[in-house]
Colleague: 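One structure, as structure tokens, below. Some questions next.
Hydrogens, waters and symmetry mates are skipped; everything else that's a heavy atom, side chains included, is used.
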Amino acid sequence: MHAEGLLVRGGELKIKEMEVQCYLFVLLGSKLFVDKSRDRLRPTINLFLKDHRRLTDYAWGASALAYLYRQLGVATRAGSKGLCGCLTLLQAWIYEYFPLFRPSQLPQSLDAPRASSWISPRLPGGDDARQRLACYRQLLDELSADDVTWTPYGRDGHTDIPRSLFTGPHSLF
């Protein structure tokens with residue numbers, strides 16, 4: 001379909017809506033709900049993008065976590081050769097709970113995304129990567145309960161986080 005046809009039917013606004021919809025489609029498919037295809041996106045994502053006014057009605061964070069959790073289960077099966085899902089969430093979770101693997105952190109305000117405060121090291125390739133993997137595996141094998149931060153935000157971490165706009169569950173009726 002050519003842009004000229006879109007201009008005649010919906011004007012400039014229709015093109016902007018399609019651009020936003022395409023951007024969100026790629027964002028959701030390549031960042032939050034990643035699969036192993038590398039070059040294809042799930043068409044079911046498009047069902048949620050049809051009405052842009054409803055985008056805020058969906059719990060995208062909970063969906064991404066549920067999808068990641070499901071993919072972690074799939075990755076533990078025999079014969080699995082990879083991991084899918086939003087690995088940035090997994091990486092941030094590892095940094096929060098396992099200090100042994102934690103890189104340095106930049107100071108940030110409470111309203112900034114916490115995952116963006118970590119300074120990820122650039123990992124070398126080749127034999128150095130194999131040595132690093134062997135080191136990580138050994139650290140994991142020797143991990144004890146004392147090596148885990150069970151309350152990464154402090155004992156009462158909820159008191160330090162600013163109150164959100166959430167006021168309670170929506171009525172189901």
Side-chain angles (χ1 to χ4, degrees), residues 20 22-42 44-46 48-49 54-77 80-126 128-169:
V20 169
C22 289
Y23 171 76
L24 290 172
F25 184 67
V26 171
L27 176 72
L28 293 174
S30 66
K31 298 296 180 202
L32 293 182
F33 305 106
V34 181
D35 64 10
K36 294 180 188 175
S37 69
R38 294 187 185 200
D39 63 348
R40 292 183 296 272
L41 301 173
R42 294 177 178 266
T44 53
I45 293 171
N46 206 27
F48 298 102
L49 302 176
R54 300 225 33 223
L55 286 175
T56 57
D57 292 347
Y58 303 118
W60 295 107
S63 300
L65 285 172
Y67 183 74
L68 174 62
Y69 183 69
R70 176 71 180 125
Q71 294 306 317
L72 287 170
V74 170
T76 61
R77 295 180 186 159
S80 181
K81 297 185 186 233
L83 180 60
C84 298
C86 185
L87 299 184
T88 305
L89 291 176
L90 179 62
Q91 186 176 17
W93 180 82
I94 290 168
Y95 292 164
E96 293 289 345
Y97 287 87
F98 299 96
L100 289 172
F101 304 104
R102 187 181 293 169
S104 57
Q105 188 177 18
L106 297 170
Q108 269 192 312
S109 65
L110 286 176
D111 59 342
R114 191 157 171 94
S116 66
S117 67
W118 301 106
I119 303 170
S120 295
R122 293 284 178 218
L123 300 177
D128 288 339
R130 287 188 186 93
Q131 290 172 349
R132 185 178 299 254
L133 178 61
C135 179
Y136 283 155
R137 285 182 174 166
Q138 183 176 355
L139 286 171
L140 284 170
D141 288 342
E142 297 169 357
L143 199 65
S144 71
D146 294 332
D147 296 323
V148 178
T149 304
W150 298 101
T151 54
Y153 308 108
R155 184 170 171 87
D156 294 317
H158 66 283
T159 59
D160 294 334
I161 299 171
R163 189 173 179 163
S164 69
L165 297 176
F166 179 77
T167 59

Colleague: First locate atom CD of Glu96, then atom OG1 of Thr149, and finally report the distance between them rounded to the nearest 0.5 Å.
Modeller: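 With rounding to 0.5 Å, CD (Glu96) is 8.5 Å from OG1 (Thr149).
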Colleague: For Val26 and Ser30, which heavy atoms make the closest approach, and how far apart are they?
Modeller: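 Minimum heavy-atom contact is O-OG, 2.6 Å.
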Colleague: Stepwise, does the side chain to side chain donor-acceptor pair (under 3.5 Å) test hold for Ser116 with Gln108?
Modeller: CA-CA 9 Å; Ser116 66; Gln108 269 192 312; 3.0 Å; yes
Colleague: More than 12 non-hydrogen atoms from neighbouring residues, nucleotides or ligands closer than 6.0 Å to CZ on Arg102, yes or no?
Modeller: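 Atom CZ in Arg102 is crowded, with more than 12 foreign heavy atoms closer than 6.0 Å.
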Colleague: Between atom CG of Leu87 and atom CG of Leu68, what is the distance when rounded to the nearest 0.5 Å?
Modeller: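 These two atoms lie 7.0 Å from each other.
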Colleague: Would the number of heavy atoms belonging to other residues, nucleotides or ligands and lying under 6.0 Å from OH of Tyr58 be above 12?
Modeller: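 Counting neighbours around OH of Tyr58, more than 12 heavy atoms of other residues, nucleotides or ligands fall under 6.0 Å, so yes.
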Colleague: Does the ring pair (Phe, Tyr, Trp, His ring centres under 6.0 Å) test come out yes or no for Trp93 and Phe98, once each step is laid out?
Modeller: CA-CA 8 Å; Trp93 180 82; Phe98 299 96; 5.6 Å; yes
Colleague: Are the side chain of Ser80 and the backbone of Arg77 linked by a donor-acceptor contact shorter than 3.5 Å?
Modeller: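 No; zero donor-acceptor contacts below 3.5 Å.
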Colleague: Could you grab the distance from atom CG of Leu24 to atom NZ of Lys31, nearest 0.5 Å is fine?
Modeller: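 Nearest 0.5 Å value for the CG-NZ distance: 14.0 Å.
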Colleague: Answer yes or no: is there a side-chain heavy-atom contact under 4.5 Å between Cys86 and Val34?
Modeller: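 No. Closest side-chain heavy atoms not under 4.5 Å.
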Colleague: To the nearest 0.5 Å, how far apart are CZ in Arg70 and CZ in Phe33?
Modeller: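 Taking CZ in Arg70 and CZ in Phe33, the distance rounds to 15.0 Å.
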Colleague: Sequence neighbours left out, what pairs pass salt bridge (Lys or Arg N to Asp or Glu O under 4.0 Å) with at least one residue falling in residues 56-68?
Modeller: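 Applying salt bridge (Lys or Arg N to Asp or Glu O under 4.0 Å) to every pair that reaches into residues 56-68, excluding sequence neighbours, yields Arg54-Asp57.
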Colleague: How many angstroms lie between atom OG1 of Thr151 and atom OH of Tyr97, to the nearest 0.5 angstrom?
Modeller: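 Going from the OG1 atom of Thr151 to the OH atom of Tyr97 covers 8.5 Å.
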Colleague: Just how far is it from atom OG of Ser104 to atom CG of Leu106, taken to the nearest 0.5 Å?
Modeller: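 Here the rounded value is 7.0 Å.
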Colleague: Locate the shortest heavy-atom distance separating Gly82 from Ala75; write the atom from each residue and the value.
Modeller: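 Heavy atoms only, the tightest pair is O-CB, 3.6 Å.
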Colleague: Would Gln91 and Ile94 count as a side-chain contact (heavy atoms from CB on, under 4.5 Å) here? Give the steps.
Modeller: CA-CA 5 Å; Gln91 186 176 17; Ile94 290 168; 5.6 Å; no
Colleague: Can you confirm whether Leu83 sits close enough to Leu72 that some side-chain heavy atom of one is under 4.5 Å from a side-chain heavy atom of the other?
Modeller: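 Counting from C-beta outward, Leu83 and Leu72 do come under 4.5 Å.
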Colleague: Answer yes or no: is there a donor N or O on one side and an acceptor on the other, between the side chain of Tyr95 and the main chain of Leu90, under 3.5 Å?
Modeller: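 A pair under 3.5 Å: no.
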Colleague: Could you check whether Tyr136 and Phe101 have their ring centres less than 6.0 Å apart?
Modeller: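 Here the rings of Tyr136 and Phe101 have centres that are less than 6.0 Å from each other.
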Colleague: Please determine whether side-chain contact (heavy atoms from CB on, under 4.5 Å) holds for the pair Cys135 and Leu139, giving the CA-CA distance in whole Å, both sets of side-chain angles, and the decisive distance to 0.1 Å.
Modeller: CA-CA 6 Å; Cys135 179; Leu139 286 171; 4.3 Å; yes
Colleague: Do the side chain of Ser63 and the main chain of Ala59 share a donor and acceptor less than 3.5 angstrom apart?
Modeller: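 Yes, because the side chain of Ser63 sits within donor-acceptor range (under 3.5 Å) of the backbone of Ala59.
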Colleague: Tell me, do Asp35 and Tyr67 make a side-chain contact under 4.5 Å, heavy atoms counted?
Modeller: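 Asp35 reaches Tyr67 side chain to side chain.
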